[in-house]
Every structure is written in C-alpha cells, then in structure tokens.
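Quick note: numbers below take in every heavy atom, side chains included, and nothing from hydrogens, waters or symmetry partners. Only a predicted model underlies this, so the values are computations on that prediction, with no experimental measurement involved.
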Amino acid sequence: AVGAIAGGGRVGLAPGAEPAAPRINRIVIQAKPGQTFSRAVVLADLSLQEGQPFDAETLSQDLRRLFATRYYYDLRVDVEAAGADLVNLTYTLDMCPRVRRIEVRGCAAVDPETVRAKLTQRENEPLVENLLSADLDAVYALLAEKGYTAVEVQQRLVPGADGVDV
C-alpha cells in the first residue's frame, strides 16, 4: 500500500521534519501469459527508475504516459515494501494485440489503396478500437463522396497467435 509506505513515521526525526521517501529497490515488468514486450521500451517511458526516491505523483504520471502509447489495454502497478526505506514496483501489462494485416476488398468501384489512404489504424501497430471506429466512418464518407450512399461496410477482426487481421 502506497500510503503505508510513504506516510509511515520514523523515530528520531526532528519535529515537523518529513521522513525521506523510500527508494526504489527493484522494478519488475511482466505481461499477461502469452504476451511479449520490450523491457527497455517500457523503462524508457518511466520517470521512476531503480535507486531513485519513490513518488506517488510521478508514478501516476508514468502510468498516464504508458497508457498514452496505446500499447496497453490495462496496466497495474503494485508497490511493495522491500525492507527499511525500500520499495519494489511490479508493473503488470495487458498488451493490445498488434494488427498484422489490413485487408480491403469487395468494392470494385473504389481502389483499395484509396480506401487504405483514409485509414488511421496501421499494420504492425497496436490495435486501437477508437481508430477502427473512426476508420469505418471515414470509409463511409469516402464512399458517399463517390456517390455510394446505400452501402454496408463491415469490419472483421480475425485473431491469430501473433496479432489480429482486420
């Protein structure tokens, strides 16, 4: 518990003195089973590093920064006491699947590359559901510009071992 670690008093402190923040002993980064990640990439996005004082606000900023990368569906950080004045941070990542391939087919009147140019979701990037929704709207708008207003566009996600096909 962060509050118990950061807020604990110490014997022998001068009245009104703040206890020193615990130092980060170890950072463990793990993903859910079957998911892969780069420890170096995750660490590069963290301000808190081993040996530095622990700060809850900096931890919160680090989490926001990691979520902003769009590589993760969910993140969890456990802060555990690791002896006197030390804490361990354990990050558990739930990675977004990567888009292996985006296939455009079924509309002979519009070149697939013209449709592809309107898409914001890219191959070999994490799957972002908001982008898929915006891309669907963009395809409908493109078809409407070409005079095709009574059409149905379908998106299908086909999961695989190493990502998803759209």
Side-chain angles (χ1 to χ4, degrees), residues 1-2 23-80 87-166:
V2 174
R23 293 212 169 268
I24 299 168
N25 178 54
R26 189 175 68 203
I27 296 177
V28 176
I29 303 170
Q30 59 193 20
K32 292 199 169 186
Q35 298 180 344
T36 60
F37 67 95
S38 165
R39 177 177 167 79
V41 169
V42 176
L43 285 174
D45 283 325
L46 300 179
S47 294
L48 291 175
Q49 299 292 322
E50 291 177 357
Q52 295 179 337
F54 173 77
D55 177 69
E57 179 56 34
T58 304
L59 176 63
S60 181
Q61 292 169 1
D62 282 350
L63 287 173
R64 284 193 295 275
R65 190 176 308 106
L66 287 170
F67 267 118
T69 67
R70 297 182 172 175
Y71 290 134
Y72 314 100
Y73 274 131
D74 194 20
L75 297 166
R76 190 180 80 229
V77 179
D78 293 314
V79 180
E80 301 174 53
V87 294
N88 290 334
L89 304 180
T90 302
Y91 291 79
T92 303
L93 315 174
D94 186 1
M95 309 294 294
C96 291
R98 296 212 99 19
V99 174
R100 293 185 307 191
R101 187 169 55 112
I102 299 174
E103 185 176 339
V104 178
R105 64 179 177 188
C107 184
V110 179
D111 179 46
E113 290 308 310
T114 302
V115 174
R116 200 178 278 281
K118 295 289 185 181
L119 305 180
T120 52
Q121 176 69 67
R122 300 283 180 237
E123 292 177 349
N124 299 314
E125 290 187 4
L127 175 70
V128 180
E129 292 178 18
N130 299 15
L131 294 181
L132 290 179
S133 179
D135 287 349
L136 190 60
D137 292 342
V139 171
Y140 273 115
L142 172 66
L143 293 172
E145 287 173 17
K146 303 281 185 186
Y148 300 98
T149 56
V151 295
E152 180 181 347
V153 178
Q154 296 180 357
Q155 280 181 343
R156 190 174 60 169
L157 302 179
V158 181
D162 60 343
V164 64
D165 292 338
V166 180

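- Listed here is the closest heavy atom pair of Leu75 and Leu63: CD1-O, 4.0 Å.
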Please tabulate, for side-chain N and O atoms in residues 116-128, each donor-acceptor pair with protein atoms closer than 3.5 Å (sequence neighbours left out).
unit_1: Arg116; atom_1: NH1; unit_2: Ile102; atom_2: O; d: 3.1
unit_1: Arg116; atom_1: NH2; unit_2: Ile102; atom_2: O; d: 2.6
unit_1: Thr120; atom_1: OG1; unit_2: Asp135; atom_2: OD1; d: 2.7
unit_1: Gln121; atom_1: OE1; unit_2: Val128; atom_2: N; d: 2.9
unit_1: Gln121; atom_1: NE2; unit_2: Pro126; atom_2: O; d: 3.0
unit_1: Arg122; atom_1: NH1; unit_2: Leu119; atom_2: O; d: 2.5
unit_1: Arg122; atom_1: NH2; unit_2: Leu119; atom_2: O; d: 3.1
unit_1: Glu123; atom_1: OE2; unit_2: Ile102; atom_2: N; d: 2.7

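- Between Ile29 and the choices Val42, Val41, Thr90, the side chain to side chain contact (heavy atoms under 4.5 Å, CB included) rule is met once, by Val42.
- The side chain to side chain donor-acceptor pair (under 3.5 Å) search around Gln35 returns Asp94, not counting sequence neighbours.
- For Asp165, the salt bridge (Lys or Arg N to Asp or Glu O under 4.0 Å) partners are Arg100, Arg101, not counting sequence neighbours.
- Residues in residues 39-53 take part in these salt bridge (Lys or Arg N to Asp or Glu O under 4.0 Å) pairs, two or more places apart or across chains: Arg39-Glu50.
- For the side chain to side chain contact (heavy atoms under 4.5 Å, CB included) test, residues two or more places apart in sequence or in another chain that qualify with Pro53 are Ala21, Arg23.
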I'd like to know whether Ile24 forms a side chain to side chain contact (heavy atoms under 4.5 Å, CB included) with Gln49, so could you lay out the CA-CA distance, the side-chain angles of the two residues, the decisive distance to 0.1 Å, and finally the verdict. CA-CA 7 Å; Ile24 299 168; Gln49 299 292 322; over 6 Å; no

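- Under the side chain to side chain contact (heavy atoms under 4.5 Å, CB included) criterion, Leu143 pairs with Cys107, Val110, Val139, Tyr148, Val151, Val153, sequence neighbours left out.
- Considering only residues two or more places apart in sequence or on other chains, Glu145 meets the side chain to side chain donor-acceptor pair (under 3.5 Å) condition with none of them.
- Residues passing the side chain to side chain contact (heavy atoms under 4.5 Å, CB included) test with Thr36: none are found, sequence neighbours excluded.
- Under the side chain to side chain donor-acceptor pair (under 3.5 Å) criterion, Asp137 pairs with no residue, sequence neighbours left out.
- Nearest heavy atom pair, residue Phe67 against residue Tyr73, reads CE2-O, 3.8 Å.
- With sequence neighbours excluded, the residues satisfying side chain to side chain contact (heavy atoms under 4.5 Å, CB included) with Asp62 are Leu46, Ser47, Leu48, Thr58, Arg65, Tyr91.
- Within a 6.0 Å sphere centred on CD of Gln30, heavy atoms belonging to other residues, nucleotides or ligands number more than 12.
- Ser60 pairs by the side chain to side chain donor-acceptor pair (under 3.5 Å) definition with Arg64, not counting sequence neighbours.
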Stepwise, does the side chain to side chain contact (heavy atoms under 4.5 Å, CB included) test hold for Phe54 with Leu89? CA-CA 9 Å; Phe54 173 77; Leu89 304 180; 3.8 Å; yes

